[in-house]
Amino acid sequence: MSESDKMDLFDSHKEQLLRSGAPLADRMRPRTLDEYIGQEHIIGPGRLLRRAIQIDQLSSVIFYGPPGTGKTTLARIIANTTKANFISINAVLAGIKEIREAIDAAQKSLSLYQRRTILFVDEVHRFNKSQQDALLPHVENGVLILIGATTENPYFEVNKALVSRSRIFQLRVLDEDDLKAVAMQAVHDKERGFGNRKVIIEDDALQHLVKVANGDARGVLNALELAVETTAVDKDGAVTVTLSIAEESIQQRAVLYDRDGDAHYDTISAFIKSMRGSDPDAALYWMAKMIYAGEDPRFIFRRMLIFVCEDIGMADPNALNVIVSAARAFDYVGLPEGRFHLSQACIYCATAPKSNSTMALFDALNTVSQSAADDVPNHLRDGSRDKEGLGHGQGYLYPHAYKDHWVAQQYLPDHLQGKIFYQPGSLGYEERIKEKVDGYREAQLEAMVDNEQTSILDGDTASSKGASMWAERSLGSRGKLLREVRSVIFELGQPESGDLVLDLHARSGLLAFEAVRKVTGDGAVWALAHDDKEYQTLNSMASKLDSFNRPQIIRGQLDKMQETLFSQAGPDVKFDLIAGRNVLRSLNKKVDFLKTCANLLSSSGRIVISEIVPSMGQKISELLADSIPQDLLKGFCAAEDELFGDKSDSMVNWDVKSLTGDIKKIKEFGADIHTSTDISNRRITPDEIDHWFRITDGKGRQSLGDRVVKHMSTDEINRLRTLIHKKLDFKDVGWKTTLVFLKLSKRITKDQEIEKKRPRTHK
């Protein structure tokens with residue numbers, strides 16, 4: 001046997017001994033994605049990271065999460081899966097020398113063998129700035145694919161340039177079911193765990209281990225190993241882990257709280273959000289966690305002092321006095337009795353009425369930063385110096401000389417007339433002043449419109465800008481309506497970070513790209529493009545986003561949607577939200593399509609669709625009733641009635657009532673259906689009028705023009721068109737749009753409800 005063979009044999013034997021003597025937590029590290037437990041939000045079926053690992057097309061990533069959540073394990077799984085060269089270093093032990101060696105090896109691997117190199121850096125936040133900078137150019141040019149692992153928030157602890165070139169995946173604390181699965185996997189595994197021994201862990205013992213481990217898989221396995229190895233075998237040859245043994249193995253829950261680290265900021269954030277949500281129990285819990293971990297009480301008081309003005313504000317102006325008094329009393333009393341003052345302040349903040357109207361200042365600051373220098377209106381200027389020479393202050397109305405010490409006059413600069421910064425809330429003290437403030441504003445607007453009436457009639461857009469700002473709020477526009485529709489869809493659908501979303505008809509991405517922002521982090525969005533032009537447009541827009549933050553564009557039609565998704569996303573992918581806008585009206589079998597969508601939903605998934613209802617929308621005849629002779633209008637109305645009453649046309653042969661009736665027949669669905677009518681300002685153009693009268697010659701759907709020729713002579717049609725052009729050319733009209741919003745959710749069957757409530761048992 002050669003010397004090299006002997007060395008390989010010795011190294012292999014040494015590695016085997018080390019592996020067999022390693023702690024249980026190290027031995028039980030998952031080797032494949034199928035063995036990996038937890039983190040379904042990033043590596044579940046259809047998730048971006050899982051796909052990237054499976055097809056070996058990983059870009060630079062940073063795994064961020066508390067200890068024991070599987071960051072290093074995921075990196076090892078990637079090492080076992082990838083064909084790329086894999087190098088692992090620990091930032092605590094490595095320096096510039098090790099980084100340069102890794103870079104040299106990566107460059108050689110790429111130039112000699114055309115193999116990419118993945119560099120795994122554990123505890124990447126421990127690298128100083130120069131070490132991180134050394135990696136940056138090689139990550140940027142593709143020589144290295146970085147996998148970083150960190151327990152600290154990378155947005156604060158890792159070089160911003162490095163973060164911007166990496167995808168951040170946040171690993172969550174494992175829940176109790178995950179931890180139980182981890183423990184039982186070790187009990188039954190014959191190769192690496194206790195599968196060759198008779199180990200019995202009682203349910204209450206297992207419950208204690210996972211509860212006290214606080215989401216840490218390593219903590220559960222370490223405690224389990226200690227319990228098994230220190231427990232004597234009974235007469236039946238079994239090791240039985242009882243509750244008392246489990247309590248000795250893992251006695252006290254460790255509170256994860258670093259006063260300079262991420263847990264500190266997460267906990268204070270939870271504290272603030274609990275008070276903002278008016279939940280005194282949660283607020284007390286998070287404050288207790290901070291006190292237990294040794295947080296400075298003055299820091300907690302400081303955050304409550306900010307909170308009372310940011311989140312309580314004018315709803316209870318006295319709240320500031322209460323918290324200031326409690327903080328001063330704490331300084332006088334100190335700990336431990338000062339905890340009463342902390343408690344009272346916390347409960348007061350959580351239970352006080354809420355208002356964030358003080359944010360008005362930041363809106364005003366933003367306006368100032370984006371506006372040109374404003375001239376102070378003349379009547380508001382200081383008249384003590386220049387009243388005689390320049391007339392400053394002339395025209396000012398002294399409020400105290402009027403009833404209620406108020407008079408309507410202009411206070412904002414000309415171009416900001418009608419601008420609102422302060423929005424009074426409707427709770428507490430602020431409820432009492434809301435009506436007063438609103439009333440003043442209405443009167444202020446009336447005075448402003450009266451002052452600008454002449455210039456508005458003259459079409460002077462510059463001087464009527466203030467009035468037009470107010471008018472836009474009531475008249476609306478097409479873009480405004482679309483934004484409102486999108487807002488309602490996502491309000492009903494409630495997508496969260498980590499959800500899988502399907503956009504049934506992406507068009508230009510109105511829903512798809514907003515969905516990406518809603519589920520960013522661990523979720524994914526699939527968008528259906530109905531033709532090549534849409535597909536190319538969406539891909540062009542998506543290409544501007546990084547690979548992990550873009551929707552997955554699919555080319556396909558609604559009638560073959562399920563087959564298309566199965567072929568491209570896989571049969572296991574289930575969506576949490578299926579959303580769409582105007583997808584049903586082109587379908588003859590609308591309810592059958594909704595049933596198909598239901599097959600693609602997760603157990604808690606929902607379908608949210610917004611549809612314009614053409615049969616309940618604007619009729620042109622309604623805009624012409626007072627200006628068109630009745631003989632012409634009669635024929636035009638007959639053509640219009642035929643258009644809206646066409647039973648063969650899937651676009652108009654339904655209304656909200658008929659659709660609701662059909663949907664309610666589907667037993668699998670729970671339905672929430674409501675309508676909305678929008679009257680938007682719309683400018684009618686001559687081309688649009690001509691389009692109404694077009695003749696299709698049998699190509700596609702019959703137009704209004706096709707139907708008009710059936711009811712009117714050519715002379716009547718020409719007269720009618722002339723009158724309509726005269727009436728509507730370039731005129732703004734109120735255009736009615738009727739919308740229906742459908743929210744459909746799967747009903748939970750009795751069997752599912754029973755299964756959901758059934759307690760889990762572990763042997």
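You'll find the side chain of E640 stays beyond 4.5 Å of the side chain of V708, heavy atoms only. Two residues are said to be in side-chain contact when any heavy atoms from C-beta on lie closer than 4.5 Å; I689 and R721 fail this criterion. With contacts defined as side-chain heavy-atom distances shorter than 4.5 Å, the pair L704/I620 qualifies. Within the 4.5 Å cutoff, no side-chain heavy atoms of T675 are placed close to those of L739. Between I628 and L720 there is a side-chain heavy-atom pair separated by less than 4.5 Å. Residues C597 and L504 have side chains in contact (heavy-atom distance under 4.5 Å, counting atoms from C-beta outward). Taking the side chain as every heavy atom from C-beta outward, P45 and E40 approach each other to under 4.5 Å. The closest side-chain heavy-atom distance from L601 to R606 is not below 4.5 Å.
Between the CG atom of L492 and the CD1 atom of I609 there is a distance of 12.0 Å, given to the nearest 0.5 Å. Note that OG of S487 and CD of E514 are 8.5 Å apart. Values are rounded to the nearest 0.5 Å. The distance from the CG atom of L528 to the CG atom of L502 is 7.0 Å, given to the nearest 0.5 Å. Atom CZ of R486 and atom CG of L511 lie 8.0 Å apart (nearest 0.5 Å). The distance from the OG1 atom of T596 to the CG atom of L565 is 11.0 Å, given to the nearest 0.5 Å. Between L594 atom CG and L659 atom CG the span is 7.5 Å, to the nearest 0.5 Å.
Using modelled atom types, no side-chain atom of Q618 and backbone atom of T737 make a donor-acceptor pair closer than 3.5 Å. In this structure, the side chain of D706 engages the main chain of S703 through a donor-acceptor pair within 3.5 Å. Distance alone, capped at 3.5 Å, places no donor-acceptor pair between the Q170 side chain and the G65 backbone. Between the side chain of K354 and the main chain of C349, a donor-acceptor pair closer than 3.5 Å is present. With hydrogens and angles disregarded, no donor-acceptor distance shorter than 3.5 Å links the side chain of D649 to the backbone of L643. No donor-acceptor pair closer than 3.5 Å links the side chain of R585 to the backbone N or O of M651. Side chain of T358 to main chain of C309: a donor-acceptor pair is present (N/O by atom type, distance under 3.5 Å, no hydrogens or angles). At distances below 3.5 Å, not a single donor-acceptor pair connects side-chain atoms of T564 with backbone N or O atoms of G556. Judged by distance alone, with hydrogens and angles left aside, the side-chain atoms of R507 form a donor-acceptor pair with the main-chain N or O of R581 at under 3.5 Å. No donor-acceptor pair closer than 3.5 Å links the side chain of K647 to the backbone N or O of V652.
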Q: Would you please test E496 and K518 for side chain to side chain contact (heavy atoms under 4.5 Å, CB included) and show each step?
A: CA-CA 6 Å; E496 299 176 347; K518 297 284 186 184; over 6 Å; no
Q) Going through the distances and angles, do Q552 and R51 end up as a side chain to side chain contact (heavy atoms under 4.5 Å, CB included)? A) CA-CA 12 Å; Q552 183 77 26; R51 297 203 310 269; 3.5 Å; yes
Q) Does the pair D690 and H725 meet the rule for a side chain to side chain contact (heavy atoms under 4.5 Å, CB included), with working shown? A) CA-CA 9 Å; D690 291 337; H725 276 292; 3.0 Å; yes
Q) Taking it one step at a time, do D662 and W654 satisfy side chain to side chain contact (heavy atoms under 4.5 Å, CB included)? A) CA-CA 11 Å; D662 290 340; W654 64 282; over 6 Å; no
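Shown here is H691, whose NE2 atom has no more than 12 heavy atoms of other residues, nucleotides or ligands within 6.0 Å.
One side chain, E534 or H505, offers a donor N or O that lies under 3.5 Å from an acceptor on the other. For the residue pair S269 / D266, no side-chain donor-acceptor distance below 3.5 Å is found, with atom types taken as modelled. Counting only N and O atoms by type, the side chains of S615 and D655 include no donor and acceptor under 3.5 Å apart. Between S602 and D576, the side chains place a donor N or O and an acceptor N or O closer than 3.5 Å (distance only, hydrogens not considered).
Taking all atoms of both residues into account, the shortest heavy-atom contact from G635 to H711 is O-CB, 3.7 Å. Taking each heavy atom of W286 and S274 in turn, the nearest pair found is CD1-OG, 3.4 Å. When all heavy atoms of Q494 and D499 are compared, the pair lying nearest together is O-OD2, 4.1 Å. Residue G523 comes nearest to L48 through the heavy atom pair O-CD1, 3.8 Å, listed as atom of the first residue, atom of the second, then distance. Across all their heavy atoms, G617 and K736 have their closest contact at O-CE, 3.7 Å. Contact between I168 and Y155 at its shortest, heavy atoms only, is CG1-OH, 3.5 Å.
None of R47, H41, K574 except one satisfies the side-chain contact (heavy atoms from CB on, under 4.5 Å) rule with L500; the exception is R47. Of the candidates R707, K634, K619, D641 forms a salt bridge (charged side-chain N to carboxylate O under 4.0 Å, His left out) with just one, namely K619.
Ring orientation note: the planes of H674 and F741 are close to parallel, at an angle under 30° on the 30°/60° scale.
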